[in-house]
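Worksheet: the structure to be examined is printed underneath.
Just so it is clear: chains get the letters A, B, ... in the order the sequence lines come, proteins before strands, and each one is counted from 1. Both backbone and side-chain heavy atoms feed into the values below; hydrogens, waters and symmetry mates do not.
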Amino acid sequence: MTRTGTALGAAWPEMLAVAHASGWSAALTALHAAAGPGVVVLGPAGHALVPDEVAEDADRLRQGEWEWAPDDTVEHLNTGVPGLTALRARRPVNAVQVPEARSWTTALAGLRLGLSYRLLEGALRYLDQRHTGDVVLLQHSVVKSAVADVVMEQLQVRCALEGAGPDGLDAPAVADLHAQITALDRAGVRLLGAHGYVEGGPGTAVHVSELLADAYRAGSGSTPGGFDE
Amino acid sequence: MTELDPRLARLQAQAREWAAEMRPYALEVDADPEAVTRVAHLPALARVAALQIPPEFNPEPLVLGDQTYYLMSASERVVFFEEGACADLGTMLGSPGGPMSGVVVDALGSQEQKEWFYGRLLARPTWTFFALSEPEHGSDAVNMATRLTASPDPDGPARLNGVKRYVGNAGRAEFGVVFARTGPGPLGFAATLVDASTPGFATTPVRTIGVRGAGLGEITLNDVEVAPDRVLGAHLRPSRRGMAAWLRTFNLLRPAVAVMGVGVARAAYEYVLAERRSLRVTERLRLERMERAIATTRRMLRAAAAAVDHDPSAGHLASAAKATSARLAERVTLAALDFFGPGARLEHPLLDKLVRDAGSVEYMEGTSNIQRLGVFGGLLRGAFPPLQAALLPTES
Ligand SMILES: Cc1cc2nc3c(=O)[nH]c(=O)nc-3n(C[C@H](O)[C@H](O)[C@H](O)COP(=O)(O)OP(=O)(O)OC[C@H]3O[C@@H](n4cnc5c(N)ncnc54)[C@H](O)[C@@H]3O)c2cc1C
């Protein structure tokens, strides 16, 4: 029996833990596995982002409350990230109705928060090794303050998630959380200087996290750019 | 768009025409940075490579109607490079020529050094590097570890040892400027002209998330010989060639870096305009806010360019413009995604590229925290007077 939406809504701490301990690939594998063995979950416009092996092993695609077997109409899109496959599929007429993975985006927010914690820990290690003059960068008050800002934002996201019931958060709330995670990760990655801009480094995990938020976007939340009223 | 005087408006029109020819290759260069060398014949690259050379060394400036342009002033550069950055920042950063190193050579080089440097640039499109940052010292470049050690023989070559990282065009450049320490104290610095073919010089690529065309790399310097006449500013007093002199030079560069953020932001804004024909009211308002933010930042950096053209030590406005434009590029590119449905980054590769490219502006020529220090220093020096216009009146 596959897990239903209810179970997934409560799965965010587990996703957070895997993402924090092992990074995006393991966490995405766990998240799709939580939706059911062999299941790849598609976003509202039919996109999925999965580790290569998960894409290869997929025997069911799920979008909302519909499920079907992948066929040769499934397209592979370029992500530019080694190990990450993007799929695009359209729901066929013979799709079957299943219990919806309703709280997928809440679980995904947990996953992204786990990646965010991992990012910050990496930044702390980096800053502890670097100096400005004789001062260790991590002990510089400007840097401390920037770190604290990230921590406070993470805490807000965490508190919002902890307030979610087993059904997860509603769509506008979770959309806002995803925008908030994007913004706080941008602040986090800046702490790494150009090291955070090197492919395959911590900045790539931030990039993957943003791609996930984009593909599984549920409705429009606040725009990360902050050009809303 | 901010009003421009007719002279700069003409330059802008030419830049826009050239830049448009670069845009179709943007995704190709993103996928394969070496594609830059295949588009190096486009005027946006080839012609520009032979500009940014001072009048005494450049027999072939850009002539448009009755106007002549050398792209030596920050005011010309910000107008010109906004177009390049808007068309494709990666390709622009991967262009041949001496956009950064040439400014240092102009400020510190002797007549003979300038002839050598600019002469090589004029001979054919040639890439150069500007090697300052190191793996352990980025913002903290003052404490760089790269050493230039004098030869015991006064006429013998000095030797460079160290590692430089995140250097644009590192792998494709034939020569460039390497910054090093010669000893302790504020005067113990030297900028040197280094040929990439010198024994002991090696590069490895550093792949980046965006602006891949920039071709960043790490340069290892292992006992690289530097002849006495390749040390920039050897003819100057030490106080005129040390760190303080470099910082003045960086002020001149900063507006041209700041404009990259405006160019990328404008590209994302124009992408939305082109791809989304009908907009809801809230979307239209949001797009208008984006446009206003771009226009205001552009004004800021034109003011910054005019300020450094007037006085090269007046880099505080450029610092403000650079930090503002780095954030602008991030905000506008992210906001642009929201005009398209879920999966916009997969469905709109050009927009995805702009989001990735935008991140680079934060680091080039100093992070926002470092720029904030420049702004603060300017404030204490009274450089932001409440009753004075930011934009200097143009001299005509
Ligand atoms: C696309 C690109 C092109 C580049 N091209 C070149 C090039 O051609 N040549 C070259 O030499 N370099 C180049 N660079 C490197 C660039 O100059 C450095 O990345 C930049 O100076 C920052 O250094 P860093 O990356 O080591 O960050 P770090 O100095 O390690 O900074 C880490 C964090 O600490 C903060 N910080 C550091 N010091 C302070 C302080 N005193 N106060 C407050 N906060 C501080 C920073 O803001 C940042 O958030 C390029 C970088 C990029 C991304």
Side-chain angles (χ1 to χ4, degrees), chain A residues 42-49 75 77-81 86-88 129-135 137 140 142-143 146 179 182-183 186 189-201 203-204 206-207 210-229, chain B residues 30-31 133 135-140 142-143 165-166 206-212 216 265 268 282-283 285-290 292-293 326-328 330-347 349 352-353 355-356 359-360 362-364 367-370 372-373:
Chain A
L42 306 175
H47 304 98
L49 283 161
E75 293 168 85
L77 308 175
N78 179 28
T79 65
V81 178
L87 304 175
R88 177 170 55 198
Q129 301 294 316
R130 293 180 86 78
H131 293 78
T132 173
D134 295 334
V135 182
L137 263 187
H140 195 293
V142 172
V143 172
T182 296
R186 290 290 179 113
V189 81
R190 254 177 243 133
L191 293 167
L192 288 157
H195 177 61
Y197 201 60
V198 175
E199 199 176 83
T204 293
V206 174
H207 175 57
E210 286 187 12
L211 290 180
L212 289 167
D214 178 62
Y216 294 102
R217 191 148 27 126
S220 193
S222 56
T223 310
F227 291 102
D228 297 306
E229 270 133 303
Chain B
D30 183 50
S133 307
E136 305 298 325
H137 307 277
S139 309
D140 190 33
V142 186
N143 290 308
R165 195 169 161 82
Y166 309 122
V206 173
R207 294 264 304 172
T208 46
I209 289 172
V211 294
R212 293 184 175 145
L216 295 203
T282 50
E283 288 179 322
L285 291 174
R286 195 190 298 156
L287 199 59
E288 282 170 7
R289 273 189 210 101
M290 289 158 66
R292 276 200 297 278
R327 202 53 53 87
L328 175 86
E330 283 199 54
R331 291 173 60 216
V332 171
T333 50
L334 280 175
L337 289 173
D338 231 42
F339 287 83
F340 304 92
R345 295 189 68 159
L346 297 168
E347 295 297 332
D352 171 67
K353 194 185 94 68
V355 178
R356 289 184 284 109
S360 70
E362 165 67 15
Y363 310 109
M364 286 185 273
T367 67
S368 296
N369 278 354
I370 299 304
R372 286 185 179 96
L373 299 178

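- Put simply, of A:Glu199, A:His195, A:Arg88, the one with the most heavy-atom pairs under 4.5 Å next to chain B is A:Glu199.
- Closest heavy-atom contact between B:Leu337 and B:Arg345: CD2-CG, 3.4 Å.
- Ranked by heavy-atom pairs under 4.5 Å with chain A, the list B:Ala344, B:Gly138, B:Ser368, B:Gly359 is led by B:Ala344.
- Contact annotation for B:Val206: only side-chain heavy atoms (C-beta onward) come within less than 4.5 Å of a heavy atom of chain A.
- Counting only heavy atoms from C-beta outward, the side chains of B:Val355 and A:Glu210 approach each other to under 4.5 Å.
- Contacts between B:Thr367 and chain A at a heavy-atom distance below 4.5 Å are absent for every atom of the residue.
- A salt bridge links A:Arg190 with B:Glu330: the distance from a Lys NZ or Arg NE/NH1/NH2 to an Asp or Glu carboxylate oxygen falls below 4.0 Å.
- No side-chain heavy atom of B:Leu216 sits less than 4.5 Å from a side-chain heavy atom of A:Tyr197.
- Contact annotation for B:Ser360: both backbone and side-chain heavy atoms come within less than 4.5 Å of a heavy atom of chain A.
- Contact of A:Val198 with chain B is made through backbone and side chain together, with heavy-atom distances under 4.5 Å.
- Judged by a 6.0 Å distance limit and a 45° cone about the ring axis, B:Arg292 is not positioned over the six-membered ring of A:Phe227.
- A:His47 and B:Glu347 are linked by a side-chain donor-acceptor pair at a separation below 3.5 angstrom, with hydrogens and angles left out of the test.
- Interface check for chain A: of the options B:His137, B:Arg165, B:Arg327, the most heavy-atom pairs under 4.5 Å are formed by B:Arg327.
- Ranked by non-hydrogen atom pairs under 4.5 Å with chain B, the options A:Ala146, A:Ala45, A:Ala194 are led by A:Ala194.
- The nearest pair of heavy atoms linking A:Leu49 to A:Ala215 is CD1-CB, 3.8 Å.
- Only the side chain of B:Asp352 has a heavy atom closer than 4.5 Å to any heavy atom of chain A.
- In terms of heavy-atom proximity, B:Asp140 sits nearest to A:His131 at OD2-O, 3.2 Å.
- For chain B, the nearby parts of A:Val189 are the backbone and the side chain; heavy atoms of each come within less than 4.5 Å.
- Of the listed residues (B:Ala31, B:Pro135, B:Ser133), the one with the most heavy-atom contacts under 4.5 Å to chain A is B:Pro135.
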